[in-house]
Amino acid sequence: MGLDVTQPTDAPPDTTVVSPVSPNWVTTKLDFIVNWARSNSLWPMPFGTACCAIEFMATAASRFDMARFGMERMSFSPRQADVLICAGRLPFKLAPVIRRIYDQMPQPKWVISMGACASTGGIFDTYAMVQGIDTVVPVDVYVPGCPPRPEGLLYGILMLQKKIRGETLADRTLREEHPLDERGLRMSPRLLDEISEPFGNSIHQTRSG
Amino acid sequence: MNPSVQALRHHFEEGGAIGRALESCGDTIVYVQASMLPRALEFLKVTPEQDYDYLVDVTAVEYRDAERPLELVYELFSLRRRAQLRVKVELDKSEDLVIDSIVPLWNAANWLEREVYDMFGVRFEGHPDLRRILMWETYSEGHPLRKDFPLRGRFSRSEQVRRALNMNPEAHYSMEELSIAQAYHELPADMRDRLARDERGKVPDPESS
Ligand code: SF4
């Protein structure tokens with residue numbers, strides 16, 4: 001964005017700015033306007049893989065009408081999308097696909113994980129299923145339910161809007177890209193093993209290391 | 001009992017090629033010796049009185065009882081006579097799981113046999129393109145529907161995610177599919193080389209690269 005609040009390093013320190021990220025009148029007003037615009041014109045990239053996608057379609061259709069919250073245009077190209085909505089379970093075969101779609105989306109971008117399967121693997125605690133899409137892409141809002149009702153998804157969207165309204169342009173880390181590390185993972189293997197622990201009647205798990 | 005069983009017995013008198021037959025829920029099941037399977041199915045297909053022109057399904061069953069052999073199931077249907085026949089073959093699990101392909105008889109068997117190969121590890125001799133169909137080609141944890149396969153797979157979750165994220169989805173298409181999509185020239189050079197040498201099934205393991 002146009003506003004550069006970080007100080008040039010060779011200039012004498014500006015004593016009117018306490019810290020580069022401190023809120024002042026200009027940044028807060030600009031944040032307010034930018035966040036108001038961003039949160040009210042979210043274009044979703046629908047990544048509907050299973051039954052949750054049906055509920056997602058209902059959310060987009062006339063009765064529940066996501067367009068009320070500025071999401072009237074489904075962006076089937078990731079390059080014009082703001083929020084990736086993963087509606088449904090994610091098999092391992094689709095993991096590189098959702099990762100590539102996420103990488104193709106321009107900043108600013110957010111991710112909603114819709115349903116038990118996308119958030120945790122749900123009932124599919126098996127050899128073929130990613131145990132939560134947060135092991136593949138970062139997630140902003142988790143919507144529980146199997147499937148979540150359209151009201152649930154709308155509530156998740158409202159939560160995301162609330163989150164966006166709290167963002168500030170001064171915080172550059174918000175818009176940083178986090179590519180996969182040299183192992184090809186986005187977190188340590190031990191953490192990944194731990195957050196995809198078995199539950200229910202499945203107790204077998206091979207651990208790394 | 002379906003009269004085709006009698007006809008089979010009559011035609012293949014020698015050597016006990018046709019095993020026991022039974023009726024279950026109104027369906028006739030007949031067991032055939034593995035070495036005789038292509039000839040028996042060909043007889044059922046081309047003989048005018050039999051005329052089983054439609055191969056409904058090829059699948060396999062492994063029972064929990066470790067002593068019981070693995071069963072291959074061929075579901076046949078005659079559209080003209082509206083007759084059904086289920087042909088089963090028993091494969092001894094202590095030996096190699098190999099059987100002749102029936103793709104020369106029914107093209108429909110192509111993907112069905114690939115699925116049985118993928119899920120159970122049965123090799124079909126003479127199949128034109130025997131590679132995994134549901135799991136990706138570099139999948140190396142085994143054959144998921146076998147009883148000795150753990151529900152959550154053999155590798156740790158982090159290893160599974162790592163391998164999934166490292167696979168290249170384009171590496172699994174055939175030359176024909178790629179030239180239809182006109183994507184062939186956008187592939188990395190090494191992948192193009194490999195495809196040109198017809199080494200599609202031999203995608204390098206992400207481990208070694
Ligand atoms: S959470 Fe439930 S409705 Fe959603 S994809 Fe999973 S099984 Fe289907």
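Small disclaimer: the values here were computed from a predicted structure and weren't measured.
- Remark: B/Asn166 CG to A/Leu185 CG distance equals 7.5 Å, nearest 0.5 Å.
- A/Arg68 CZ: more than 12 foreign heavy atoms inside a 6.0 Å radius.
- Remark: A/Lys162 NZ is loosely packed, at most 12 non-hydrogen atoms of other residues, nucleotides or ligands lying under 6.0 Å away.
- Considering OG of A/Ser196 and CD of B/Gln160, their distance stands at 8.5 Å, rounded to 0.5 Å.
- Residues of residues 175-183 of chain A lying within less than 4.5 angstrom of chain B, judged on heavy atoms, are A/Leu180, A/Arg183 in numerical order.
- Heavy-atom neighbours of B/Arg132 CZ from other residues, nucleotides or ligands within 6.0 Å: above the threshold of 12.
- Counting heavy atoms of neighbouring residues, nucleotides and ligands inside a 6.0 Å radius, atom OH of A/Tyr155 does not exceed 12 of them.
- Of the atoms belonging to A/Met129, it is backbone heavy atoms, and not side-chain ones, that fall under 4.5 Å from chain B.
- What you find for B/Arg157 and A/Asp193 is that their closest heavy atoms are N-OD1, 3.4 Å.
- Scanning both residues, B/Ala164 and A/Phe92, for their nearest heavy atoms gives CB-O, 3.5 Å.
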